[in-house]
Amino acid sequence: MGEVMLKRRHVVNELLRDRDDAVVVCGLGSPTYDVAAVSPSTRNYYLWGAMGGAAMMGLGLALAQPRLHVIVVTGDGEALMGMGALATIGSIKPGNLSIVVLDNEHYGETGMQLSHLGMGVDLCAVAVACGLKQACTVTTEGDLQSLVKKFHHPGAVDFVQVKVDHESPPRVMPTRDAVENKLGFRQALGVVG
Amino acid sequence: MNTDSWQQGVYEAIKQSGIRLIGYVPDAGHAALIDNARRDEDIIDVLMTTEEEGVPLCAGAWLGGMRSLLLMQSSGVGNCVNMLSLQQSGRFPMVIIVTMRGEYAEFNPWQIPMGSTTQAVLELCGFKVERVEQEAQAAETVQAAIDFAYHSNIGVAVLLSQKLIGRKQWVK
């Protein structure tokens with residue numbers, strides 16, 4: 001590429017720094033560690049499994065809480081496993097859901113094997129074709145800063161594919177207790193029942 | 001649709017139980033419920049590309065305080081297996097209404113393997129399972145399943161038997 005590639009944790013920090021009351025669903029593996037490292041909050045739901053489900057969990061949350069910005073932060077392998085969800089989300093167009101794919105073109109958790117996105121597949125084009133019309137690809141710091149300016153505006157961004165290098169920063173592990181995470185999250189939102 | 005049909009009774013039970021979101025993959029046996037959900041402005045209907053999308057959909061809705069329910073055919077239960085670990089790990093309340101295939105008067109033998117294992121698969125994944133054979137049981141069983149799931153934070157499935165749904169017309 002000839003340019004310095006973006007660092008995943010820097011990207012997540014830039015996107016979540018001004019998150020206010022936004023809620024975040026984290027895809028398993030590195031995205032969960034990244035969000036836990038730079039933006040820990042009871043308004044985060046950390047997945048340690050259910051691969052392919054992060055975007056749909058974001059959709060359910062976005063439909064239940066239409067006034068909140070719902071952000072899904074996930075990896076390219078996780079997003080590929082649930083690619084059909086882009087069609088489902090594109091059909092619904094919730095307006096308050098932003099899916100951020102940290103694309104290092106590799107499966108980091110299993111030993112850095114190449115993913116389809118390193119083999120010519122264009123996930124952002126898939127998202128656009130599925131009706132996510134505010135989709136974009138970010139490859140440079142300039143792209144990232146342009147995105148940051150509008151990221152939290154309602155409906156401004158529905159899908160972002162961010163090209164990041166395949167460095168793995170130190171792991172920051174949030175709770176693996178999915179019940180504790182659920183109860184704390186619901187309490188933070190003040191939902192009952 | 002006949003307003004006093006068992007399907008209408010099931011839909012009313014769903015509404016009375018506070019369900020606000022219904023995720024589904026199209027299925028002939030669920031056609032009446034799907035039509036109702038799509039016409040109802042108070043229900044969010046989510047057409048999914050595969051049944052496994054429904055598991056995180058419902059979990060996400062519950063994180064946001066909304067009750068939901070899934071409609072699928074028995075074949076779709078097989079598509080959900082790993083994703084159901086989210087329900088079990090997080091003790092998310094979850095209700096699945098399953099139309100059964102591969103049993104009474106089945107025409108298509110390809111439906112038999114999954115239809116024969118649907119109940120066992122759900123139970124292995126930690127779900128409580130109720131089976132409905134008669135029209136008079138349908139609405140009450142669905143209402144009980146929703147109460148059970150949302151009062152006890154568990155997964156509950158209601159299997160609507162092929163005998164209840166009726167024979168599928170294969171030759172048109």
Side-chain angles (χ1 to χ4, degrees), chain A residues 23-25 27-28 42-68 70 72 78 81-92 94 96-97 130 175-193, chain B residues 17-26 37-38 42-70 76 79-95 125-126 146-147 149-155:
Chain A
V23 292
V24 180
V25 176
L28 78 171
T42 50
R43 289 172 172 259
N44 298 339
Y45 200 83
Y46 303 106
L47 293 167
W48 284 85
M51 187 164 174
M56 284 302 296
M57 196 155 188
L59 176 64
L61 191 45
L63 293 171
Q65 291 285 338
R67 282 184 292 278
L68 285 181
V70 178
V72 174
E78 204 277 345
M81 194 173 279
M83 206 159 74
L86 296 176
T88 298
I89 293 164
S91 302
I92 300 271
N96 60 330
L97 175 63
C130 286
T175 181
R176 293 192 298 283
D177 185 329
V179 176
E180 176 193 300
N181 200 168
K182 174 190 74 172
L183 296 175
F185 190 104
R186 283 169 51 87
Q187 189 173 33
L189 265 57
V191 297
V192 291
Chain B
S17 302
I19 298 293
R20 292 278 328 283
L21 186 155
I22 295 178
Y24 68 97
V25 171
R38 287 183 59 82
D42 296 328
I43 290 284
I44 302 168
D45 61 288
V46 178
L47 169 61
M48 308 180 297
T49 69
T50 171
E51 292 81 356
E52 73 174 316
E53 291 177 7
V55 178
L57 175 73
C58 291
W62 185 242
L63 279 185
M66 183 178 278
R67 287 187 175 202
S68 62
L69 175 146
L70 299 174
N79 292 347
C80 294
V81 172
N82 181 56
M83 210 59 89
L84 288 172
S85 59
L86 171 61
Q87 183 280 322
Q88 202 165 7
S89 299
R91 291 188 62 223
F92 283 98
M94 204 163 286
V95 181
C125 292
I146 297 168
D147 288 346
Y150 282 92
H151 291 162
S152 299
N153 294 315
I154 55 167

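Numbered from 1 within each chain, the chains take letters A, B, ... in sequence-line order.
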Report the distance from atom [atom1] of [X] to atom [atom2] of [Y], rounding to the nearest 0.5 Å.
X	Y	atom1	atom2	result
B/Met66	A/Gln65	CE	CD	8.0 Å
B/Glu52	A/Met51	CD	CE	11.0 Å
B/Ser89	A/Asn181	OG	CG	11.5 Å
A/Glu180	B/Arg91	CD	CZ	14.0 Å
B/Leu21	A/Leu59	CG	CG	7.5 Å

Determine the option with the most heavy-atom pairs under 4.5 angstrom with chain B, choosing from A/Val25, A/Leu63, A/Val70.
->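 Of A/Val25, A/Leu63, A/Val70, A/Leu63 has the most heavy-atom pairs under 4.5 Å with chain B.
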For residues A/Gly53 and B/Pro56, report the shortest heavy-atom separation together with the two atoms involved.
-> O-CB, 3.2 Å
Do you know which two heavy atoms are closest between B/Ser85 and A/Ala50, and how far apart they sit?
-> OG-N, 4.3 Å
Does any N or O in the side chain of A/Arg186 come within less than 3.5 Å of the main-chain N or O of B/Trp62, such that one atom is a donor and the other an acceptor?
->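 Yes; judged by distance alone, with no hydrogens or angles, the pair exists.
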Check whether [X] gets within reach of chain B through its side chain, its backbone, both or neither, counting any heavy atom under 4.5 Å.
X	answer
A/Leu189	side chain
A/Val191	side chain
A/Leu183	neither

Test log, rule side chain to side chain contact (heavy atoms under 4.5 Å, CB included), inputs B/Leu63 and A/Val23 = CA-CA 10 Å; B/Leu63 279 185; A/Val23 292; over 6 Å; no
Student check: side-chain heavy atoms of B/Leu86 and A/Met57 closer than 4.5 Å | yes
Can you find a heavy atom in the side chain of A/Thr88 that is under 4.5 Å from one in the side chain of B/Leu47?
-> no
Show your reasoning for whether side chain to side chain contact (heavy atoms under 4.5 Å, CB included) applies to A/Lys182 and B/Asn153.
-> CA-CA 11 Å; A/Lys182 174 190 74 172; B/Asn153 294 315; 4.2 Å; yes
Taking every heavy-atom pair that is under 4.5 Å apart, which of B/Asn82, B/Asp45, B/Val46 has the most such pairs with chain A?
-> B/Val46
Side chain, backbone, both or neither: which part of B/Phe92 has a non-hydrogen atom closer than 4.5 Å to chain A?
-> both
